[in-house]
Amino acid sequence: MSPNAPTDLQLSAFIKHLIEEGLLSENEANIHNERAQKTKTPMLSYLVANKIIDAHVIAMKASVEYGVPLFDLNAIDLRNLPIHLLNEKLIRKHKALPLFVRGKTLFIALSDPTNILALDEIKFHSQLNTETILVEEDKLLKAIEASMEAIETSITEQLDDDLENLDFTGGGDDMSVKMDIDTEIDDAPIVRFVNKILLDAIKKGASDIHMEPYENNFRIRFRADGMLYQTASPPPNIANRIISRIKVMAKMDIAERRVPQDGRIKIKLSKQSAIDFRVNTCPTLFGEKVVLRILDPTSAQIGIEKLGFEPEQEKLFLNAINKPYGMVLVTGPTGSGKTVTLYTGLNILNSIERNICTAEDPVEITVEGINQVNMNVKAGLTFANALRAFLRQDPDIIMVGEIRDLETAEIAVKAAQTGHLVLSTLHTNDAPQTLNRLMQMGIEPFNIVSAVILIMAQRLARRLCEHCKVPADFPDNILLSAGFKDDELKSLKIFSPVGCERCTNGYKGRVGIYQVMTLSEKMRALILNCGNAMQLAEQSKLEGINDLRASGLNKVRMGITSLEEIDRVTKE
């Protein structure tokens, strides 16, 4: 017998009752019982499926025999069932349908009230107490199918007709393997739903997609303009199918769910346009979380005038990257736009006369004419090893994705001192702290002053929507505490977000906020005397260098962003 079939004792008691009622002879009962066991079907289901006894009659007799109320499934709206509390496999296995929850009790529709195993397993999976509501077998099977179809419909009704015709490529280092969408996973609604999510993220300008399974729900969020917002909430019982689809597309091991994995997906939108997704999975309490970073090659071609530099800052940056040697450092937290800033500079420098090499972990933006190397620590390819190789490749310009350790820092500094322009990033809060960070790593002060020519800290702030922003009215004491000057309050005009159909909560796009610091003679003297970050910051202010807060307030004065947004991204 199947694991979910009633025990012989329970079944025999009810069958004897049916025999006593004259609905079945003892000989017939034995024959049908034997056949039911051979086909691994519960006895009651067998009787109904083979039309030996009417489902309604069995349900009425079972209701009387076991004292369980009989419920008509035709009277309930299947769209409102708490179907997310159980997965499809469990529902089909036990022929059990969750009807509603009262407090900590889940009421389950069953045609066989003796199926104690079903109640126990459902209780284990849902972490709720269970109560049986008796229903007719034929109506239950129809309701289960209708509920499963409703789940598929809720997905497919959102989709475009041509989504399955997209050209996908997947894999890590091998990006040449063409995806066979029809044979990788034979689940067309899931395939089309995933395609829809990826395309929606591209259309909405998202930078990341988060797919997050929880105990009772499954949510999909986009990060757009630096902020996360929920875009879909598919039924939790299809979460594994969606995540498996992503893993197949990224050429990951779909059987491995215990350790994080990395992969890549490429969508070819046209002959000239393609978008890469960097995929990472991470096991959580209730399944694998998947994050896809959207890598758009065109993001590095937006032009320096659109980054958000103030005129003097842009001039300092261009002067620095056009020097024949030295080190340019960009600092800021993850997601602050450092890579785009560096690649904007590299695109300006990218010409037939220059040999440009980059070492990144991983390469996020591919650019023709630049030699880009992906780090592979397992294979022994580290930033330090890549830098050593670059120096034997006759480079003019070297870009290091991030200076993480003393070895990498020392090689980069030596390269900057020996006729190469070196661009790199560090994770510090502002420009003065970057100098202290290098000293803490072990770089001697005299090497810092001889190599570093420019340090730039940056953040990304959301741009106000030009179609719906409105003038804001703040009390003078708020404006003064924010950093504005008393003599500018009368003429100051700042704006606040509203929100319309063309934007997200009043914002559309992002703009960079920068602190661009060159090393003056006084600054170099401070470094040689091992000055701390506070001393360096004070000196930079004396030299008229705007910190991130001051640069942000300039964007507020220009009506580009709001005071609330600057408080968010530059709050100490």
Side-chain angles (χ1 to χ4, degrees), residues 155 158-160 163-164 166-175 177 179 181 184-185 187 190-214 217-234 236 238-254 256-257 259-269 273-284 286-300 334-337 339-340 360-366 374 460 504 510:
I155 295 174
Q158 308 174 47
L159 305 177
D160 300 325
L163 288 176
E164 63 268 34
L166 285 171
D167 189 359
F168 286 93
T169 306
D173 296 327
D174 180 9
M175 296 295 289
V177 183
M179 294 292 296
I181 290 175
E184 291 283 4
I185 285 186
D187 198 343
I190 297 296
V191 169
R192 300 181 71 225
F193 178 73
V194 169
N195 293 357
K196 171 73 171 175
I197 289 293
L198 299 186
L199 279 184
D200 278 353
I202 294 169
K203 291 174 183 176
K204 292 177 181 178
S207 61
D208 302 87
I209 305 170
H210 292 242
M211 297 184 175
E212 303 165 314
Y214 294 97
N217 64 4
F218 176 56
R219 72 180 181 186
I220 296 175
R221 296 189 291 172
F222 290 169
R223 187 182 292 278
D225 299 333
M227 302 294 284
L228 280 167
Y229 67 92
Q230 187 161 323
T231 187
S233 184
I238 65 169
N240 285 338
R241 290 154 64 190
I242 291 173
I243 290 169
S244 292
R245 174 61 190 162
I246 293 289
K247 291 171 73 174
V248 166
M249 295 169 73
K251 295 296 182 186
M252 295 177 176
D253 182 356
I254 63 171
E256 180 57 77
R257 299 180 179 180
V259 296
Q261 294 188 65
D262 291 294
R264 289 176 80 96
I265 300 170
K266 177 179 281 188
I267 300 182
K268 194 172 183 181
L269 301 174
S273 176
I275 301 289
D276 281 353
F277 293 81
R278 191 179 78 209
V279 187
N280 176 265
T281 66
C282 183
T284 69
F286 303 105
E288 289 179 287
K289 173 175 177 174
V290 177
V291 176
L292 299 94
R293 168 64 58 90
I294 302 172
L295 311 174
D296 185 357
T298 61
S299 63
T334 300
S336 59
T339 301
V340 170
E360 301 169 74
D361 185 20
V363 173
E364 294 189 355
I365 300 169
T366 56
N374 241 339
L460 288 177
T504 304
R510 288 193 286 180

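All residue numbers refer to positions in the sequence shown, counting from 1.
- In this model, a donor atom of one side chain and an acceptor atom of the other lie less than 3.5 Å apart for R219 and Y214.
- A pairwise comparison of heavy atoms in L228 and R223 identifies CD1-NH2, 3.4 Å as the closest pair.
- In this structure, CD1 on I294 lies 7.0 Å from CZ on F222, to the nearest 0.5 angstrom.
- Under the 4.5 Å side-chain criterion, counting only non-hydrogen atoms from C-beta, R293 is not in contact with D276.
- Using modelled atom types, no side-chain atom of S207 and backbone atom of G226 make a donor-acceptor pair closer than 3.5 Å.
- The shortest heavy-atom contact between I265 and I246 is CD1-O, 4.1 Å.
- For I254 against S244, the heavy-atom pair with the smallest separation is CG2-O, 3.8 Å.
- Distance CD1/I242 to CZ/R245: 12.0 Å, rounded to 0.5 Å.
- Here the CZ atom belonging to R192 is positioned 10.0 Å from the NZ atom belonging to K196, to the nearest 0.5 angstrom.
- P260 has its side chain within reach of P283: a pair of non-hydrogen atoms, C-beta onward, lies under 4.5 Å apart.
- The distance from the CG atom of D208 to the CG atom of N280 is 11.0 Å, given to the nearest 0.5 Å.
- Side chains of F193 and P234 form a contact here, defined as non-hydrogen atoms less than 4.5 Å apart.
- Looking only at side-chain heavy atoms (C-beta outward), I209 and F277 come within less than 4.5 Å of each other.
- You'll find the side chain of K204 reaches within 4.5 Å of the side chain of Y229, heavy atoms only.
- With a 4.5 Å cut-off on side-chain heavy atoms, K289 and H210 count as touching.
- Residue I365 holds its CD1 atom at 8.0 Å from CD of E360, rounded to the nearest 0.5 Å.
- Residues I197 and I220 meet the side-chain proximity criterion, which asks for heavy atoms closer than 4.5 Å.
- Residues F286 and N217 fail the side-chain proximity criterion, which asks for heavy atoms closer than 4.5 Å.
- Of the charged side-chain nitrogens involved, none lies within less than 4.0 Å of a carboxylate oxygen, so that K247 and E256 do not count as a salt-bridged pair.
- Taking NZ from K266 and CE from M249, the interatomic distance works out to 14.0 Å, rounded to the nearest 0.5 Å.
- Between R278 and L295, the shortest heavy-atom contact is CB-CD1, 4.1 Å.
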